[in-house]
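Data first, discussion second: the structure below is written as structure tokens.
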Amino acid sequence: MEMRLAPSNDIKLPSNMKKSCKNHHGETETTHHHEEYDTSISLSSLSKIILPPLGVSSYNQIPTETKGWIISPMDSKYRCWESFMVLLVAYSAWVYPFEVAFLSSSRNKRLYIADNIVDLFFAIDIILTFFVAYIDSRTQLLVRDRRKISIRYLSTWFLMDVTSTIPFEALGYLFTGKQKIQLSYSLLGILRFWRLRRVKQLFTRLEKDIRFSYFWIRCARLLSVTLFLVHCAGCLYYLLADRYPHQGKTWLGSVNPNFRETSLWIRYISALYWSVTTMTTVGYGDLHAVNTVEMIFIIFYMLFNLGLTAYLIGNMTNLVVEGTRRTMEFRSSIEAVSNFVCRNRLPPRLKEQILAYMCLRFKAESLNQNHLIEQLPKSICKCICHHLFLPTVEKVYLFKGVSREILLLLVAEMKAEYIPPREDVIMQNEAPDDIYIIVSGEVEIIDSDLDKERVFGTLQSGDIFGEVGALCCKHQSFTFRTRTLSQLLKLKSSALIETMQTKQEDYIAIIKNFLQHHKKLKDLKIGEFLTEGGEEDGDPNMAFNLLTAASAGNAAFLEELLRAKLDPDIGDSKGRTPLHIAASKGHEDCVLALLRHGCNIHLRDVNGNTALWEALSSKHQSVFRILYHFANVSDPQTAGDLLCTAAKRNDLTMMKELLKHGLNVDSKDRQGKTAVQIAIAQNYVGMVDLLVMNGADVSAANRSEFSSTALKEMMQKREIGHRITMPDTVTSDEVISKMNQEEEECNSSGKSIGLKYIRVSIYRGHPLVRKENCCRESGRLIRLPNSIEELKSIAGEKFRFDARNAIVTDEEGSEIDSIEVIRDNDKLFIVEDPNSFM
């Protein structure tokens, strides 16, 4: 599988962003009427995105709303509460060491009240935690089940949160009745440091928030850690001096014997001064250890500083460079984008789009799904795709009634993508390269007309788009733009066509599903046929769509319909076949497609017109030449029929055109009559004159019904004059060359030329062994060559092994030694080592 938001050396912007960048000077900026969405992702909410798991169709990517009594961790109000609790954590972590060390004699009433208020807020937070949803670390899903939330909290952080909230000093006062802080109860207050994990979580979140400077956030984090350690060490060192029984024999008492009588501020600054000089190893010139307890403390403190210094210089460097490498690259990319936007004066809306895309790409990379799946064997990857995507693919209208075998082949070719909001997945008039299935999210169908855009509808989970352009081989008629963060399954158009051709029944089923779904689609430009009745929706032949495809000139789509075994000679209410319609509109490629699939050139509509007549009457000379070449080969009376028809209708224009194409003026129709005989019998003077002047033989004509004088004058003019129509240079080589060109194009694109050639499926290995081992290795659909040796050579190229000594067998294991016994759609098996089966 592949993630569209995978890492890249270059910044690849979404297609709609590229389109807007063309007008970066603001000269012809495209107008968007749907820039604001209720569910669009702004920069302030990028940190709240939860990417849906692969294959999940309904999932809320920005779960900011609450549901019942459950609180979303992404809710803005709860985020404010968390930020407020971080401030309380900083207060309690700073004040607690200070109170224990410097206020050991008596409790300050204001601090006492403040401490109890802070503990009350943390008690409230414990209660709220039982109602806060969480993100499962394994599935990355947001769990809203209250029972699971409670069990998870009780089994993890509940006990530590409660013990860190209990006011041990107040309990000590209740039990002892003494206001003086007891050291034993104070030491239990160390549990309050458990709350510091909230500060770490806050800094981690801020580092990934592009609204804040990454450099200053990292500096603030390191500075906070250093100052907190200096503060704690200074408070503890002062506590040793304050509680030491021998007055004056302390680090502070040796300098100031009455240090307890000095101001609190001076004592605190002295403690911080000692702590900083010791940590930076620039002391001891003034304040130093005096007694044994202080020396022991300094020994451990210096050892701790040694480890802390190594951690700061070594591990922190490694963590910043390696552990946060992706974050640093992400922030560098953001900075580069910001500079690019400012330098090129792009509008603020476009800047937000680019930044949103970069942030979503970073989110997708952090899941590391792509790298993990690529490391697995191909068989396991297929199983993963089947498990994740098959339930969604089965719901798509295009694959209803299709066998599970074909669905599994299609799913294995699909790739998962996360697309940010307001990105053009498929642009109007874009080449049909890919087909997309929506797993989650919403996609809008937009018609872009100059500066205006109109939204025709919205696609949701289980819908498919891009299939019209893929199956019809035409440019996309609409722009498909994501409305929300969407998970899509991408399938190559070539992979779909190749898979469809492996099984004829499923091929027909897919084509029928497509036709039934898009029968009234305006995009096919078939409005003139939609009002003519056509076939009913329940007609299994669905031949009505052959007429529409022929009218639209969509040769590729017409080819697909004909391969699905639809009748090429179906007629409408006026008896007009697809060949009539294609010839009348001059769609040469459609005419060639119909001829390749064996249509009847000689069919007439209710007016008695053939496709040849329609092509010539519509002035499509090249189409007429192609049709005449094939018609004359199958029916020698074709020229006579055309000339006699023009004579019967006294159509001088058509007669001139026919004679220009070199038709023999004396050709006979199926009744053995010539055009001049019919013209003389009908007394069409102008027609007779035209035919006589072009060399018509009047000896067999019934002259009794025509003026002998007029006929004699015509014959005299012909003797001294010339033909008034000159035939065009028409050779069958042009038509044959055209057909050969079509054949080469079809072969180069991997498509079958039609029913004219035999197609076979080749597989590697003996059929019985493949059946016993349940082998699912795919085969290859090829055109049958002219010899067994050529067949083996093709198999060797397809399966990449030396097949010169291999044997060819059928499905039962019987050896095939002659190419003539192979039939269309046969399954052939190429056995590398025939001796193993002797």
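Worth saying up front: this structure is predicted, and the values here are computed from it rather than measured.
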Exercise. Quick one: list whatever passes side-chain contact (heavy atoms from CB on, under 4.5 Å) with Leu227, sequence neighbours left out.
Key: Leu223

Practice problem: Could you list the residues that satisfy ring pair (Phe, Tyr, Trp, His ring centres under 6.0 Å) with Phe203, not counting sequence neighbours? | Solution: none

Quiz item: With under 30° as parallel and over 60° as perpendicular, where do the rings of Tyr237 and Trp274 fit, or are they tilted in between?
Solution: parallel

Exercise. Applying salt bridge (Lys or Arg N to Asp or Glu O under 4.0 Å), name anything that partners Arg198, two or more places apart in sequence or on another chain.
Key: Asp125

Quiz item: Got Thr278 and Met302 here, is their nearest side-chain heavy-atom distance under 4.5 Å?
Solution: yes

Self-check item: Residue pairs, two or more places apart or on separate chains, that pass salt bridge (charged side-chain N to carboxylate O under 4.0 Å, His left out) and touch residues 150-160
Solution: none

Self-check item: Axial cation check for Phe122 ring with Arg195, 6.0 Å and 45° limits
Solution: yes

Self-check item: Contacts of type side-chain hydrogen bond (donor to acceptor under 3.5 Å, both in side chains), residue Tyr153, not counting sequence neighbours
Solution: Asp161

Quiz item: Rounded to the nearest 0.5 Å, what separation is found between the OH atom of Tyr244 and the OG1 atom of Thr250?
Solution: 9.0 Å

Self-check item: Approximate separation, where rounding is to 0.5 Å, of Thr482 OG1 and Gln487 CD
Solution: 13.5 Å

Quiz item: Between Ser270 and Tyr238, do the side chains contain an N or O donor and an N or O acceptor separated by less than 3.5 Å?
Solution: no

Exercise. Report yes if the side chains of Phe102 and Cys235 come closer than 4.5 Å at any heavy-atom pair, otherwise no.
Key: yes

Self-check item: For Ser263, all residues meeting side-chain contact (heavy atoms from CB on, under 4.5 Å), sequence neighbours excluded
Solution: Trp265, Ile266

Practice problem: Could you label the plane-to-plane angle of the Phe84 and Trp81 rings as parallel, tilted or perpendicular, counting under 30° as parallel and over 60° as perpendicular? | Solution: tilted

Exercise. Applying side-chain contact (heavy atoms from CB on, under 4.5 Å), name anything that partners Leu87, two or more places apart in sequence or on another chain.
Key: none

Quiz item: So do Val86 and Glu82 actually touch side chain to side chain, heavy atoms under 4.5 Å?
Solution: no

Self-check item: Separation of Arg260 CZ from Arg267 CZ (nearest 0.5 Å)
Solution: 9.0 Å

Exercise. Could you pull out all residues at least two apart from Ala90 that satisfy side-chain contact (heavy atoms from CB on, under 4.5 Å)?
Key: none

Quiz item: Where is the tightest heavy-atom contact between Ala114 and Tyr91, given as atom of each residue plus distance?
Solution: CB-OH, 3.2 Å

Quiz prompt | Residue list, side-chain hydrogen bond (donor to acceptor under 3.5 Å, both in side chains) with Tyr134, at least two apart or on another chain | solution = none

Practice problem: Determine yes or no for a side-chain-to-main-chain donor-acceptor pair under 3.5 angstrom, with Ser486 supplying the side chain and Gly441 the backbone. | Solution: no

Self-check item: For Phe228, ring pair (Phe, Tyr, Trp, His ring centres under 6.0 Å) partners two or more places apart
Solution: Phe193

Quiz prompt | Whether Ser275 side chain and Ala271 backbone form a donor-acceptor pair below 3.5 Å | solution = no

Quiz item: For the ring pair Tyr268 and His231, is the centre-to-centre distance below 6.0 Å?
Solution: yes

